[in-house]
Amino acid sequence: MRNHSHCPHAWRNPQHRGRMWAASPAFRRRLFLLRSLSPCAAALPNNTSSSSSSPSTFIRLNAMAASDPVYEADAEAVVRRITPPLDRARHKGQAGKIAVIGGCREYTGAPYFAAISALKVGADLSHVFCTRDAATVIKSYSPELIVHPILEESYSVSDGERESVSSRILTEVAKWMERFDCIVVGPGLGRDSFLLDCVSNIMRHARQANIPTVVDGDGLFLITNNLSLVEGNSLAILTPNVYEYKRLVQKVLNCEVNEENASEQLTALCQKIGGITIMQKGKADIISDGKTVTQVSTFGSPRRCGGQGDILSGSVAVFASWARHFLLTNEYPTDKSVNPMMLGCIAGSLLLRKAASHAFEKNKRSTITTDIIEFLGKSLEDICPAGH
Ligand SMILES: NC(=O)C1=CN([C@@H]2O[C@H](COP(=O)(O)OP(=O)(O)OC[C@H]3O[C@@H](n4cnc5c(N)ncnc54)[C@H](O)[C@@H]3O)[C@@H](O)[C@H]2O)[C@@H](O)CC1
Ligand SMILES: Nc1ncnc2c1ncn2[C@@H]1O[C@H](COP(=O)(O)OP(=O)(O)OP(=O)(O)O)[C@@H](O)[C@H]1O
Ligand SMILES: [Mg+2]
């Protein structure tokens with residue numbers, strides 16, 4: 001019998017659905033969980049996964065971390081499952097509308113990398129909300145991005161103007177907010193105190209509107225000093241690098257990073273903040289929502305050029321919104337045990353790593369972030385062909 005999991009969009013194809021989804025809804029949910037996230041899967045015999053698309057089991061124990069076991073997610077299965085088909089009946093916007101809040105005098109690359117990656121992964125529209133200084137520069141990198149030059153730094157606003165400027169900025173972003181499927185807060189945002197106050201208001205607004213929010217770069221600096229911005233928000237994803245993670249652990253857990261018990265500490269961090277998903281970036285990307293821990297350790301590239309985290313945040317934003325949509329429209333509406341934010345992290349991590357690997361193969365030591373972005377399309381195509 002043909003193995004339907006090789007068909008990238010089998011879950012959308014009614015012909016395949018009958019056979020693929022022959023079991024009860026409860027069983028299907030469980031199978032989906034086992035395949036993509038749950039540690040318990042390691043204990044199951046291989047034939048439990050009737051339509052396995054990976055060579056052995058979907059989840060395998062990371063032998064390197066046996067004292068604190070972290071289970072590898074079957075990230076390819078997750079990507080295949082949540083990526084929507086390129087249906088001819090769809091209209092612009094249905095594959096996702098993403099906004100990046102970032103870009104200031106110093107940094108224009110980071111918001112560009114995040115926003116263009118969102119488009120290259122498959123979102124239909126990608127916006128950037130940045131300072132006036134950054135806007136023209138970002139627009140000049142690409143005509144594809146919709147750039148809003150609305151943020152202000154302290155140097156451009158007098159003390160007397162602050163309140164009115166702050167409320168104008170919020171009104172401007174709020175006009176757009178409901179249209180976004182996910183926002184990314186932080187790439188190249190800078191650390192100006194007035195600007196961060198305005199962005200705090202934007203984050204509160206996004207939360208009220210139930211918009212998933214990826215927090216990265218200087219957004220992590222902001223929330224580390226103001227945890228209430230994300231506390232209890234199940235639609236928040238934090239993507240700290242090694243230094244950002246260290247600051248978060250020191251602030252929240254009041255201790256140092258413990259590499260021996262990485263997954264335990266990450267779980268504790270998620271639980272302490274409450275409700276959120278964290279992807280701790282590094283040699284392996286470890287992902288937790290305080291209930292489950294998994295990792296993606298597919299080898300990417302030995303080059304550590306700046307900007308790879310920005311690609312990741314833009315990609316995670318797209319996959320998280322696809323995962324959310326997938327769960328809402330495919331018989332999982334009340335199943336709280338599958339966390340779309342975690343699925344988004346798993347998929348984004350794998351895709352970045354695959355693209356980095358292709359870029360390194362081609363460019364070796366000269367590999368830069370732009371080279372990696374060029375391989376996002378091929379990397380997704382290899383896992384999940386677009387068809388015709
Ligand atoms: N082309 C661009 O415009 C880029 C801009 N970026 C932005 O730059 C801003 C700052 O991000 P960074 O990742 O540089 O963050 P940090 O400003 O925290 O770190 C800067 C660098 O300082 C060093 N460092 C920081 N904390 C340290 C510690 N405790 N011990 C030892 N060394 C430490 C590390 O080398 C680190 O990469 C963010 O907004 C980010 O999005 C980056 O995304 C990279 C690319
Ligand atoms: N030591 C490593 N080995 C393999 N991959 C790594 C390693 N460190 C990071 N990565 C990969 O690079 C991605 C970006 O992580 P990194 O720590 O460089 O983020 P960052 O510092 O926020 O990047 P940026 O420069 O964009 O701000 C991670 O998702 C991970 O997949
Ligand atoms: Mg970063």
Side-chain angles (χ1 to χ4, degrees), residues 62 64 72-73 75 100-117 128-131 133-134 137-138 140-141 151 153 184-192 195-196 199 214-225 237-251 256-257 259 262 278-287 294-317 319 344-360 367-373 375-376 379:
N62 175 16
M64 300 300 289
E72 186 79 12
V100 176
I101 318 287
C104 63
R105 260 205 303 200
E106 284 90 356
Y107 308 119
T108 54
Y112 164 76
F113 293 144
I116 202 76
S117 298
V128 177
F129 292 85
C130 59
T131 67
D133 292 338
V137 182
I138 297 170
S140 74
Y141 297 152
L151 300 180
E153 292 183 75
V184 184
V185 176
L189 190 60
R191 294 181 186 176
D192 178 82
L195 182 141
L196 292 183
V199 172
V214 179
V215 186
D216 187 40
D218 294 318
L220 290 165
F221 173 82
L222 170 63
I223 66 101
T224 301
N225 296 313
I237 298 173
L238 314 187
T239 55
N241 65 18
V242 65
Y243 305 112
E244 291 154 348
Y245 188 71
K246 186 180 161 78
R247 290 190 284 259
L248 206 52
V249 166
Q250 286 170 340
K251 180 71 191 269
E256 293 304 316
V257 172
E259 280 164 21
I278 301 180
M279 167 151 59
Q280 179 190 0
K281 297 181 290 194
K283 192 168 171 215
D285 290 333
I286 311 178
I287 303 156
T294 189
Q295 69 168 25
V296 177
S297 67
T298 304
F299 184 67
S301 150
R303 277 282 281 141
R304 301 268 65 82
C305 54
Q308 294 184 62
D310 304 319
I311 300 179
L312 186 68
S313 62
S315 308
V316 167
F319 282 119
C345 290
I346 292 167
S349 172
L350 179 73
L351 198 71
L352 165 68
R353 283 164 177 260
K354 294 253 180 202
S357 164
H358 286 305
F360 183 75
T367 304
I368 54 172
T369 299
T370 314
D371 300 321
I372 300 173
I373 290 171
F375 278 103
L376 287 172
S379 304

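These numbers come from a predicted model, not from an experiment. One-based numbering, in listed order, for ligands and for the atoms of each.
For atom 41 (O) of ligand 1, the protein comes within 4.0 Å by at least one heavy atom. In this structure, atom 3 (O) of ligand 1 is in close contact with the protein, since a protein heavy atom lies within 4.0 Å of it. Within the 4.0 Å cut-off (strictly below), no protein heavy atom is located near atom 14 (O) of ligand 1. For atom 32 (N) of ligand 1, a protein heavy-atom neighbour is found at a distance under 4.0 Å. In this structure, atom 19 (O) of ligand 1 is not in close contact with the protein, since no protein heavy atom lies within 4.0 Å of it.
Contact between Leu151 and Phe129 at its shortest, heavy atoms only, is CD1-O, 3.6 Å. What you find for Glu72 and Thr294 is that their closest heavy atoms are C-OG1, 3.8 Å. For the pair Leu196 and Gly190, the tightest heavy-atom approach, listed with the atom from each and the gap, is CD2-O, 3.7 Å. Of all heavy-atom pairs spanning Ser357 and Phe299, the tightest one is CB-O, 4.0 Å.
If you take CD on Gln308 and CG on Asn241, they are separated by 11.5 Å, rounding to the nearest 0.5 Å. In this structure, CG on Leu351 lies 9.5 Å from CD1 on Ile311, to the nearest 0.5 angstrom. Within the model, atoms CD of Glu106 and CZ of Arg191 stand 10.5 Å from one another, a figure rounded to the nearest 0.5 Å. Rounding to the nearest 0.5 angstrom, the gap separating the OH atom in Tyr112 from the OG1 atom in Thr369 is 10.5 Å. In this structure, the separation between CG on Leu238 and SG on Cys345 is 9.0 Å, given to the nearest 0.5 Å. Once rounded to the nearest 0.5 Å, the distance linking OG1 of Thr131 with CG of Asp192 reads 9.5 Å.
Residue Lys246 has no N or O atom closer than 3.5 Å to an N or O atom of ligand 1. Residue Gly306 has no nitrogen or oxygen atom sitting less than 3.5 Å from a nitrogen or oxygen atom of ligand 1, judged on distance alone. Checked by distance only, ligand 1 and Pro187 stay at 3.5 Å or farther apart across all their nitrogen or oxygen atoms. Annotation: Phe113 places no N or O atom under 3.5 Å from an N or O atom of ligand 1; distance criterion only.
Looking from atom 34 (C) of ligand 1 to the surrounding protein, the closest heavy atom is Tyr243 CE1, 3.1 Å. The nearest heavy-atom contact from the protein to atom 10 (C) of ligand 1 is Tyr107 OH, 3.8 Å. For atom 6 (N) of ligand 1, the closest non-hydrogen atom on the protein side is Ala110 CB, 3.8 Å. In terms of protein heavy atoms, atom 11 (O) of ligand 1 is closest to Glu244 OE2, 4.6 Å.
Among Gln250, Glu106, Arg191, the residue whose heavy atom lies nearest to atom 17 (O) of ligand 1 is Arg191. Among Ser313, Gly219, Gly307, the residue whose heavy atom sits closest to atom 44 (C) of ligand 1 is Gly307.
Protein residues lining ligand 2, listed by chain and number: Asn241, Lys281, Gly282, Lys283, Asp285, Arg304, Gly306, Gly307, Gln308, Gly309, Asp310, Leu312, Leu352, Arg353 [non-hydrogen atoms, distance under 4.0 Å].
Residue contact check: Asp310 has heavy atoms under 4.0 Å from atoms 41 (O), 42 (C), 43 (O), 44 (C), 45 (C) of ligand 1. Of all atoms in ligand 1, numbered sequentially from 1 with element shown, those under 4.0 Å from a heavy atom of Asn241 are 13 (O). Listed by atom number, the atoms of ligand 1 under 4.0 Å from Gly186 heavy atoms are 39 (O). Close contacts of ligand 1 with Leu189, meaning ligand atoms under 4.0 Å from a residue heavy atom, involve 39 (O). Near Arg247, meaning under 4.0 Å from one of its heavy atoms, ligand 1 places the atoms 18 (O), 26 (N).
Each of Thr224, Leu222, Leu220 was compared with Val215 under the side chain to side chain contact (heavy atoms under 4.5 Å, CB included) criterion, and only Leu220 meets it.
The residues Asp371 and Arg303 are annotated as not salt-bridged, no charged nitrogen and carboxylate oxygen being separated by less than 4.0 angstrom. A salt bridge links Asp285 to Arg353: one of the charged nitrogens lies within less than 4.0 Å of a carboxylate oxygen.
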Next item on the list: Go through Lys251 and Asn225 one step at a time and tell me if the side chain to side chain contact (heavy atoms under 4.5 Å, CB included) criterion holds.
Entry: CA-CA 8 Å; Lys251 180 71 191 269; Asn225 296 313; 4.2 Å; yes
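Contacts between Asp218 and ligand 1 below 4.0 angstrom, taking non-hydrogen atoms only, involve backbone and side chain alike.
Inter-residue side-chain proximity for Asp310 and Ser117 is flagged as unmet; no heavy-atom pair is nearer than 4.5 Å.
Between the side chain of Lys246 and the backbone N or O of Val257, no donor-acceptor pair lies under 3.5 Å.
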